[in-house]
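Data block below; observations after.
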Amino acid sequence: MSKAPMRVAVTGAAGQIGYSLLFRIASGEMLGKDQPVILQLLDLPQAQKAVKGVMMELEDCAFPLLAGMIATDDPNVAFKDADVCLLVGARPRGPGMERADLLTANGAIFTVQGKAIAENAKEDVRVLVVGNPCNTNAYIARAAAIKVGRTNPNNYHGMLRLDHNRALSQLAAKSGREVSSLKKMVVWGNHSPSMYADYRFCESNGDSVKALINDHAWNNDVFLPTVGKRGAAIIEARGLSSAASAANAAIDHVRDWVLGSSDWVTMGVPSDGSYGIPEGVVFGFPCECKDGQFKIIQGLEIDEYSQGKIAITLKELEDERAAVADMLK
Ligand code: NAD
Ligand code: LMR
């Protein structure tokens with residue numbers, strides 16, 4: 001017997017990431033090749049015509065797993081009974097802006113959506129915030145949801161997977177190893193240039209990648225800035241922010257969370273106090289996923305250099321948290 005469909009709400013459905021994301025969800029790449037899905041698409045009133053166009057194209061793919069779709073500009077309708085919510089809809093930054101510049105413009109969206117999710121979605125809904133600044137937007141949505149109750153506060157995540165994937169590609173190129181051989185990558189902190197991409201634990205076919213590379217100057221002066229500023233480099237090159245790679249990372253995050261992963265994955269999750277990160281801050285941590293649950297990997301040694309890097313990215317998140325405090329009263 002076929003499985004009951006899962007309801008996936010996607011905001012910003014008419015945008016660039018939406019266009020790279022929806023077809024892959026409908027083809028089963030996110031929730032499994034045996035899992036029917038119903039797409040619940042949210043966008044602004046002026047984008048409804050474009051959403052309808054995307055739905056026409058989805059229809060034209062005749063995806064066997066696509067069990068239904070709706071388009072709406074009402075968050076209460078979009079999040080009704082949702083199993084997964086992908087919060088993509090927000091204004092992207094342009095050249096010369098930092099992601100934090102979007103804080104007030106986009107923050108207001110996430111108070112409304114966090115409340116609507118908590119009031120309407122399934123109690124065990126999984127929420128992934130992609131819209132920037134994604135850690136703090138996830139923090140805002142979670143805070144709004146906590147006021148309502150009902151949903152699981154641990155299930156409001158920010159997307160650090162793009163940074164994780166970017167780091168893996170840079171390491172593969174430097175070490176000469178296949179990207180698929182690299183395991184145990186971590187990106188700590190904020191999805192911003194302050195993030196700390198940490199390959200101290202990374203292995204390739206049993207070899208230490210740090211020992212293979214053995215170049216601290218490259219780590220500090222090339223690798224970290226390249227990964228941290230990759231979003232800006234793409235905006236500079238394309239004139240638009242990353243879209244297909246962002247959609248790919250969102251699929252990776254949710255797929256591993258729901259279906260499990262054999263490797264460590266970086267997820268922006270509300271801190272439980274691990275590694276001295278204050279509770280509730282949505283922070284990039286190394287996680288393991290099994291049986292539909294994620295768990296922060298414990299007990300990793302944090303050396304002095306890493307402690308310094310983690311403190312910088314935490315300070316930025318704490319400043320962002322202070323900047324939105326009024327929104328959450
Ligand atoms: P886009 O401008 O192409 O699309 C955004 C869509 O969101 C538009 O259709 C717009 O109408 C819609 N929208 C705006 N406000 C909305 C609201 N309140 N409710 C529902 N929909 C709304 O942008 P994009 O390139 O798809 O990027 C979307 C977001 O994702 C941006 O904030 C961008 O910075 C962010 N992003 C994050 C990552 C990451 O790694 N976390 C990577 C890439 C992009
Ligand atoms: C990215 O990392 O590509 C996105 O967050 C878009 C941006 O503004 O950098």
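The basis for the numbers below is simple: all heavy atoms, side chains too, and nothing from hydrogens, waters or symmetry mates.
Val269 is not listed as a side-chain neighbour of Trp257, based on a closest heavy-atom distance of 4.5 Å or more. Taking 4.5 Å as the limit, some side-chain heavy atom of Ile25 sits within range of a side-chain heavy atom of Leu86. Within the 4.5 Å cutoff, no side-chain heavy atoms of Val37 are placed close to those of Met30. Between Val127 and Asn155 there is no side-chain heavy-atom pair separated by less than 4.5 Å. Contact check for Leu22 versus Met69: no side-chain heavy atoms found under the 4.5 Å cut-off. The shortest distance between side-chain heavy atoms of Leu87 and Ile117 falls below 4.5 Å. Considering only heavy atoms from C-beta on, Thr151 stays 4.5 Å or farther from Arg142 through its side chain. Residues Gln40 and Val77 are not in side-chain contact: their nearest non-hydrogen atoms beyond the backbone lie 4.5 Å or more apart.
With Arg7 contributing its side chain and Ile38 its backbone, the two residues share no donor-acceptor pair below 3.5 Å. Side-chain atoms of Asp263 come within 3.5 Å of backbone N or O of Lys184 as a donor-acceptor pair. Remark: side-chain polar atoms of Lys33 are paired, donor with acceptor, to backbone N or O of Ser27 under 3.5 angstrom. Put simply, the side chain of Thr266 never gets that close to the backbone of His164: no donor and acceptor are under 3.5 Å apart. A donor-acceptor pair is defined here as one N or O able to donate and one able to accept, closer than 3.5 Å; such a pair exists between the side chain of Ser208 and the backbone of Ala211. Using modelled atom types, no side-chain atom of Tyr156 and backbone atom of Val282 make a donor-acceptor pair closer than 3.5 Å. Between the side chain of Thr111 and the backbone N or O of Ala108 there is at least one donor-acceptor pair closer than 3.5 Å. A donor-acceptor pair is defined here as one N or O able to donate and one able to accept, closer than 3.5 Å; no such pair exists between the side chain of Glu178 and the backbone of Ala172. The closest donor-acceptor contact from the side chain of Asn152 to the backbone of Asp124 lies at 3.5 Å or more, if one exists at all. Between the Asn106 side chain and the Asn132 main chain, a donor and an acceptor come within less than 3.5 Å of each other.
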Atom pairs and distances, side-chain donor-acceptor, residues 283-299, under 3.5 Å, sequence neighbours left out:
{"residue": "Gln298", "atom": "NE2", "partner": "Ser274", "partner atom": "OG", "Å": "2.9"}
{"residue": "Gln298", "atom": "NE2", "partner": "Ile296", "partner atom": "O", "Å": "3.3"}

Please list, one pair per line, the donor and acceptor atoms closer than 3.5 Å that link side chains of residues 223-241 to other protein atoms, with sequence neighbours excluded.
{"residue": "Thr226", "atom": "OG1", "partner": "Val222", "partner atom": "O", "Å": "2.6"}
{"residue": "Arg238", "atom": "NH2", "partner": "Gln16", "partner atom": "OE1", "Å": "2.5"}
{"residue": "Arg238", "atom": "NH2", "partner": "Ser241", "partner atom": "O", "Å": "3.0"}

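Going from atom CZ of Arg150 over to atom CD of Glu119 covers 8.5 Å, rounded to the nearest 0.5 Å. In this structure, the separation between CD1 on Ile312 and CE on Met195 is 13.5 Å, given to the nearest 0.5 Å.
Applying the side chain to side chain contact (heavy atoms under 4.5 Å, CB included) test to Ala144 and every residue at least two apart in sequence or in another chain returns nothing. Asp34 pairs by the salt bridge (charged side-chain N to carboxylate O under 4.0 Å, His left out) definition with Lys3, not counting sequence neighbours. Judged as a side chain to side chain contact (heavy atoms under 4.5 Å, CB included), and not counting sequence neighbours, the contacts of Arg177 are Ser175, Ser181, Leu182, Ser204, Asn205, Asp207, Leu212. By the side chain to side chain contact (heavy atoms under 4.5 Å, CB included) test, Arg24 is found to be paired with Glu29, Asn248, Ile251, residues two or more places apart in sequence or in another chain being considered. Shown here are the side chain to side chain contact (heavy atoms under 4.5 Å, CB included) partners of Asp215, two or more places apart in sequence or in another chain: Lys174, Ile213, Ala217, Trp218.
The side chain to side chain donor-acceptor pair (under 3.5 Å) pairs that include a residue from residues 320-329 are Thr136-Glu320, Asn190-Glu320, Asp326-Lys329, where partners are two or more places apart or lie in different chains. Applying the salt bridge (Lys or Arg N to Asp or Glu O under 4.0 Å) definition to pairs two or more places apart or across chains, those involving residues 66-91 are Asp83-Lys122. Residue pairs meeting the ring-ring contact (aromatic ring centres under 6.0 Å, His included) criterion with at least one member in residues 60-80, sequence neighbours excluded, do not occur. Applying the side chain to side chain donor-acceptor pair (under 3.5 Å) definition to pairs two or more places apart or across chains, those involving residues 56-71 are Tyr19-Glu57. The ring-ring contact (aromatic ring centres under 6.0 Å, His included) analysis of residues 300-329, with sequence neighbours excluded, yields the pairs His216-Tyr305.
For Asp252 and Asn165, the side-chain atoms include at least one donor-acceptor pair closer than 3.5 Å.
Of the charged side-chain nitrogens involved, none lies within less than 4.0 Å of a carboxylate oxygen, so that Lys309 and Asp198 do not count as a salt-bridged pair.
Pairing each heavy atom of Leu65 with each of Ala26, the nearest pair is CB-O, 3.7 Å. Contact record, Leu103 with Ala323: CD2-CB, 3.8 Å, taken as the closest heavy-atom pair. Across all non-hydrogen atoms, the minimal contact from Pro278 to Glu318 is CG-OE2, 3.3 Å.
Counting non-hydrogen atoms of other residues, nucleotides and ligands closer than 6.0 Å to CD of Gln46 gives a total above 12. Counting heavy atoms of neighbouring residues, nucleotides and ligands inside a 6.0 Å radius, atom NZ of Lys183 exceeds 12 of them. Other residues, nucleotides and ligands contribute more than 12 heavy atoms inside 6.0 Å of the NZ atom of Lys147.
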